[in-house]
Novice: 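Shown below is the structure under consideration.
In this text, all values refer to a predicted model and were calculated from it rather than measured experimentally. In what follows, chains carry the letters A, B, and so on, assigned in the order in which the sequence lines appear, proteins first and then strands, with residues in each chain numbered from 1.
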There are 2 protein chains.
Amino acid sequence: MPQRTRKPGPSKIRSAAFQRIRADHSSELAEDYVELIADLIDEKGEARGSDVAMRLGVANATVVKTMKRLQDAGLVTQEPYRSIFLTGEGWKMAEDGRRKHKIVEGFLLALGVPEETARIDSEGIEHHVSEATLRAMARFLARKVM
Amino acid sequence: MPQRTRKPGPSKIRSAAFQRIRADHSSELAEDYVELIADLIDEKGEARGSDVAMRLGVANATVVKTMKRLQDAGLVTQEPYRSIFLTGEGWKMAEDGRRKHKIVEGFLLALGVPEETARIDSEGIEHHVSEATLRAMARFLARKVM
DNA sequence: CGGAAAGTTTAGCATTGGCTAAACCTATTG
DNA sequence: CAATAGGTTTAGCCAATGCTAAACTTTCCG
């Protein structure tokens, strides 16, 4: 019971960053799945569980389990033994991810990061950039072009 | 028309990025804890579990459990009811994290990202930047100064 | 010194995200 | 049109991270 007496001092603010990171993590996986599903639908007309599994480097069963969660979250729909669809919410998330991804990857390339590395790094970074940082990156890109 | 045959094409490579992200995640938490412990030791001479908990915005018990893992991983040492110390390995990891952190945060600031945002974003980004990207950031900073 | 306050650890639980093996559908094809 | 090959789902396991409540130490003060 004691340590509960902690008052919200300035460390409250300190911990904000970490708290955001933990929050990001929960959505991060969802975003990766959703973005990939969108890509598959655009590329091949449909997203099948096993394609998702292969591209993500994950077992089939893991995808099934995750799809259940994403369905509960209202991001995808799926009938048993059928392919996966995105809801409106899902598409919104996918588009947003793509937008961020494009900016970050383009930015890294403009910075002089090798292509392969830019692709990999942007995949990890995209979930941790705020709008303010995205704006700064976009500004940099715009200036570069002129 | 499901069960279309799929060959193990370039998607193998595709999955590499995601696989790295998942790998990063396991170390990420450890890095955050270790870096924070280093900061506490430098700041106040010792790192106590409850300080770590408070700054990370996490319950005391969570820190205890994590310390056990970090101890098994050879990153920290701790006697029951005593404060936490870093091993050589632990210091190395902390230093490396600080180095990355400094570059990323400095870079964001140079890009024009507001201070508060730069601090928060860099916390999340630092675990996902490769050495190549760090070099590019450092190069940018050096050029900026001239 | 002894006891209460303050801090730490243990116990027990929940969720996420991953895996393998086995059971289960579906579509092709003989 | 039924057998079977080959995807898909279920079952059951594991580790990591987080939480609360209760038990346990340590510290500090009268």
Novice: Are OP1 or OP2 of C:dC19 and a side-chain N or O of A:Thr62 less than 4.0 angstrom apart?
Specialist: yes
Novice: What integer distance in Å separates A:Gln19:CD from D:dG18:P?
Specialist: 10 Å
Novice: Give the nucleotide from the list D:dG7, C:dG12, C:dG18 with an atom nearest to the side chain of A:Val58.
Specialist: C:dG18
Novice: Considering just the side-chain nitrogens and oxygens of A:Thr66, establish if one lies under 4.0 Å of OP1 or OP2 belonging to C:dG17.
Specialist: no
Novice: Over how many whole Å does the gap from B:Asn60 atom CG to D:dC19 atom P extend?
Specialist: 10 Å
Novice: Side chain of B:Val64, heavy atoms from C-beta onward: which of D:dT17, C:dT10, C:dA27 has the nearest atom to it?
Specialist: C:dT10
Novice: Which part of the nucleic acid does B:Val63 contact within heavy-atom distance under 4.0 Å: base, sugar-phosphate only, or nothing?
Specialist: nothing
Novice: Reading DNA chain D from 5' onward, which residue's closest nucleotide shows up sooner: B:Ala59 or B:Pro80?
Specialist: B:Ala59
Novice: Give me the ring orientation class for A:His128 and B:His128: parallel if the planes are under 30° apart, tilted from 30 to 60°, perpendicular past 60°.
Specialist: parallel
Novice: For A:Arg98, is there an ion pair with A:Asp39 - N to carboxylate O distance below 4.0 angstrom?
Specialist: yes
Novice: Does the side chain of A:Arg69 get closer than 4.0 angstrom to OP1 or OP2 of C:dT16 through an N or O atom?
Specialist: no
Novice: May I ask you to test the B:Glu105-B:Lys100 pair for a side-chain heavy-atom distance under 4.5 Å?
Specialist: no
Novice: Please report, rounded to the nearest Å, how far the P atom of D:dG7 is from the CD atom of A:Glu46.
Specialist: 13 Å
Novice: Among the nucleotides C:dG7, D:dT20, C:dG18, which one has an atom lying closest to any side-chain atom of B:Arg22?
Specialist: C:dG18
Novice: Are side-chain N/O atoms of B:Asp121 and A:Thr133 paired as donor and acceptor at under 3.5 Å?
Specialist: yes
Novice: Can you tell which of D:dT26, D:dT9, C:dG18 lies closest to the side chain of B:Arg82?
Specialist: D:dT26
Novice: Side-chain N or O of A:Lys68 versus OP1/OP2 of D:dT10: is the shortest distance under 4.0 Å?
Specialist: yes
Novice: Looking at B:Thr66 and B:Thr62, would you say the former's side chain and the latter's main chain have a donor-acceptor pair under 3.5 Å?
Specialist: yes
Novice: Nearest to the side chain of B:Ala61, which nucleotide is it out of D:dT8, D:dA21, C:dG7?
Specialist: D:dA21
Novice: Taking only N and O in the side chain of B:Tyr33, is any of them less than 4.0 Å away from OP1 or OP2 of D:dA16?
Specialist: no
